[in-house]
Number of protein chains: 2
Amino acid sequence: MKLYDAPRAANPRRVRIFLAEKDVVIDTEPVDIMSKQHLEEPFARLNPLRRLPVLVLDDGTVITESIAICRYFEEVHPDPPLFGRDPKEKALVEMWQRRVEFGLLFPSQFAFRHTHPAMRELEVPQIPEWGEANKPKIMSFLGFLDREMSADGYVVGDAFSIADITALVAIDSLKLSKIRIPEDLTRLKSWYDRVSSRPCVVL
Amino acid sequence: MKLYDAPRAANPRRVRIFLAEKDVVIDTEPVDIMSKQHLEEPFARLNPLRRLPVLVLDDGTVITESIAICRYFEEVHPDPPLFGRDPKEKALVEMWQRRVEFGLLFPSQFAFRHTHPAMRELEVPQIPEWGEANKPKIMSFLGFLDREMSADGYVVGDAFSIADITALVAIDSLKLSKIRIPEDLTRLKSWYDRVSSRPCVVL
C-alpha cells in the first residue's frame with residue numbers, strides 16, 4: 001500500500017492528519033506539484049484527474065479523493081472513529097464535513113486559484129471576478145460556523161472528527177488569500193487554537 | 001421524522017431515488033423554491049444555509065445535505081447497500097460519488113446558475129464567464145466517465161450505488177444548460193438508458 005502525497009497542498013494534509021489521529025503509518029511518496037509532476041506520466045496514469053492524494057492498495061486498486069481515502073482507513077482501522085459513532089452522529093459528521101467543504105474549503109480554493117498570479121497557468125481560464133465573489137461567502141460562513149459552535153466542543157458535539165480536520169485545513173488555506181478568523185468570532189477562534197495544537201495536527 | 005423536499009431540484013431528487021431504492025417511505029413536505037419559500041422563515045430557521053433537502057428526526061435533530069441524509073438511511077436501513085459492501089468498495093463508491101459531484105453535478109449547477117436569466121436574482125453576483133468556463137469541463141468529464149465505465153456495469157463495478165444516483169441526476173440537470181451525452185460516448189449512453197429506466201428512478 002502506498003500513499004502519493006503533496007506536502008504543501010490542503011487535501012493531502014487532510015489525509016495526513018486523519019492517519020496521524022488513527023496512529024496509522026504507511027509508505028508515502030511525495031509528488032512535486034510546483035514542478036507539475038502531478039500533471040505528467042507516470043502519476044497522470046494513476047489518476048487521470050491529476051489530483052492528489054492517491055492511495056494504491058496492495059492489489060493495485062487506486063483510490064483518489066481525500067475523503068474516500070479517509071473512509072477506507074475508517075473501515076480498516078475503526079478506532080478512534082472519525083466519521084461518527086452511531087447513525088445520527090455519522091449523518092451529522094457527513095453534514096458538517098460537507099457544509100465546511102462547500103462553505104469554506106472550495107470557496108477558499110476558488111478565491112486563491114482565480115486571483116493569484118502564480119495560478120494563472122494552472123487555473124484556465126482564471127476568472128478574478130469569480131475568485132473575489134467567493135470572499136464574502138467565506139466571511140459569512142465563518143460567522144455561521146462560530147454561531148453554530150459550542151464553547152468547548154468540536155464541529156460535531158464532543159468528539160473530534162473529519163469535520164474538524166476539513167475545517168482546520170480550510171481555515172489554514174485561507175492564509176493564501178490573506179483571510180484570518182475575525183477577532184469577534186471568539187468560539188471559532190477558541191476551537192481553532194484547541195484543534196490546531198493537537199499533536200496529530202502539528203505535523 | 002419528516003423530509004422537506006423540493007420536487008424539481010436536483011439534490012432532493014437524489015434523496016428520493018435513494019429512499020425508493022431502499023423501499024423506505026417517510027412523511028414528506030414540499031417547499032416551493034420558485035416562490036422562495038426556502039429563503040424565508042420558518043424554513044430558514046431549520047437550515048440557515050437555506051438549501052434543500054432537510055431531514056428532521058423524531059428527536060428534533062436537523063440533518064441537511066443530501067449525502068448526509070442518504071448516509072443516515074444507509075445506517076438505519078442497510079439493505080440494499082448503496083454506499084458499498086466492504087472497505088474497498090465503500091472507498092470506491094465514495095471516490096466516484098465525489099468525482100461525479102466535482103466533475104459533473106457542481107459544474108452543471110455553476111453553468112446554469114451563472115448563465116441563465118432566471119437565476120440572476122438568486123445567484124449574486126452572477127458571473128456568466130464562470131458559468132461558460134464550466135461547460136468544456138463538463139464535456140471533458142463526460143468523456144472520462146465513458147472511458148472508465150464497463151460495458152454493462154455501474155459507475156462502481158457490478159452494483160448500483162449512490163455514485164450512479166449522483167451521475168444520473170447530474171446528467172439530467174445538464175438539460176438546463178442544453179447539454180446532452182454526445183452520441184459517440186456509447187458506454188455512458190447505454191449506462192444512462194439502463195439506469196434511468198429503473199423503477200425507482202422513474203418517479
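Because the structure is a prediction, the values reported are computed rather than measured.
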At a heavy-atom distance under 4.5 Å, which candidate from A:Ser66, A:Pro87, A:Pro136 has the highest pair count against chain B? A:Pro87

Chain A heavy atoms under 4.5 Å from B:Asp86: which part of the residue, side chain, backbone, both or neither? neither

With chain A, the option among B:Ile69, B:Asp59, B:Val76 that has the most non-hydrogen atom pairs under 4.5 Å is B:Asp59

Are more than 12 heavy atoms, taken from residues, nucleotides or ligands other than A:Glu121, located less than 6.0 Å from that residue's CD atom? no

Under 4.5 Å heavy-atom distance to chain A, tell me which part of B:Phe83 shows up: side chain, backbone, both or neither. neither

At a heavy-atom separation under 4.5 Å, does B:Glu148 approach chain A through its side chain, its backbone, both, or neither? side chain

Under 4.5 Å heavy-atom distance to chain A, tell me which part of B:Lys88 shows up: side chain, backbone, both or neither. both

In terms of heavy-atom proximity below 4.5 Å to chain B, should A:Val93 be classed as side chain, backbone, both, or neither? neither

Around B:Asp23, counting heavy atoms of other residues, nucleotides and ligands shown, do more than 12 lie under 6.0 Å from its CG? no

Answer key: most heavy-atom pairs under 4.5 Å with chain B among A:Gly84, A:Ser140, A:Pro125, A:Pro48 is A:Pro48

Contact leader toward chain B among A:Arg147, A:Glu129, A:His114, A:Gln97, where contacts are heavy-atom pairs under 4.5 Å: A:Glu129

What do the steps show when you test A:Arg98 against B:Glu101 for side chain to side chain contact (heavy atoms under 4.5 Å, CB included), and what is the final call? CA-CA 12 Å; A:Arg98 292 173 67 87; B:Glu101 282 186 341; 2.6 Å; yes

Which bit of B:Phe144 is near chain A, if near means a heavy-atom gap under 4.5 Å: side chain, backbone, both or neither? side chain

Specify whether B:Trp130 and A:Trp130 have parallel, tilted or perpendicular ring planes, treating 30° as the upper limit for parallel and 60° as the lower limit for perpendicular. parallel

Please lay out, stage by stage, how A:Lys137 and B:Glu123 fare under the test salt bridge (charged side-chain N to carboxylate O under 4.0 Å, His left out). CA-CA 12 Å; A:Lys137 290 177 185 172; B:Glu123 190 63 51; 3.5 Å; yes

Pairwise side-chain contact, B:Arg99 with A:Arg51, heavy-atom cut-off 4.5 Å (strictly under): no

Name the option with the most non-hydrogen atom pairs under 4.5 Å to chain A; the candidates are B:Leu92, B:Val124, B:Ile67. B:Ile67

Anything in residues 159-167 of chain B with a heavy-atom distance to chain A below 4.5 Å? Please list those residues in order. none

Closest heavy-atom pair and its distance - B:Thr64, A:Met95: N-SD, 3.1 Å

Find out whether B:Phe102 and A:Glu65 are in side-chain contact, i.e. whether some heavy atom of one side chain is under 4.5 Å from a heavy atom of the other. yes

Applying a strict 4.5 Å limit to non-hydrogen atoms, the region of A:Phe73 in contact with chain B is neither

Given that the side chain runs from C-beta out, which part of B:Leu57 has a heavy atom under 4.5 Å from chain A: side chain, backbone, both or neither? side chain

Quick one: what part of B:Thr61 sits under 4.5 Å from any heavy atom of chain A, side chain, backbone, both or neither? side chain

With a 4.5 angstrom heavy-atom cut-off, could you sort out which part of B:Val62 is near chain A: side chain, backbone, both or neither? backbone

So does B:Arg194 have more than 12 non-hydrogen atoms from other groups sitting under 6.0 Å from CZ? yes

Less than 4.5 Å to any heavy atom of chain A: does that hold for the side chain of B:Ile63, its backbone, both, or neither? both

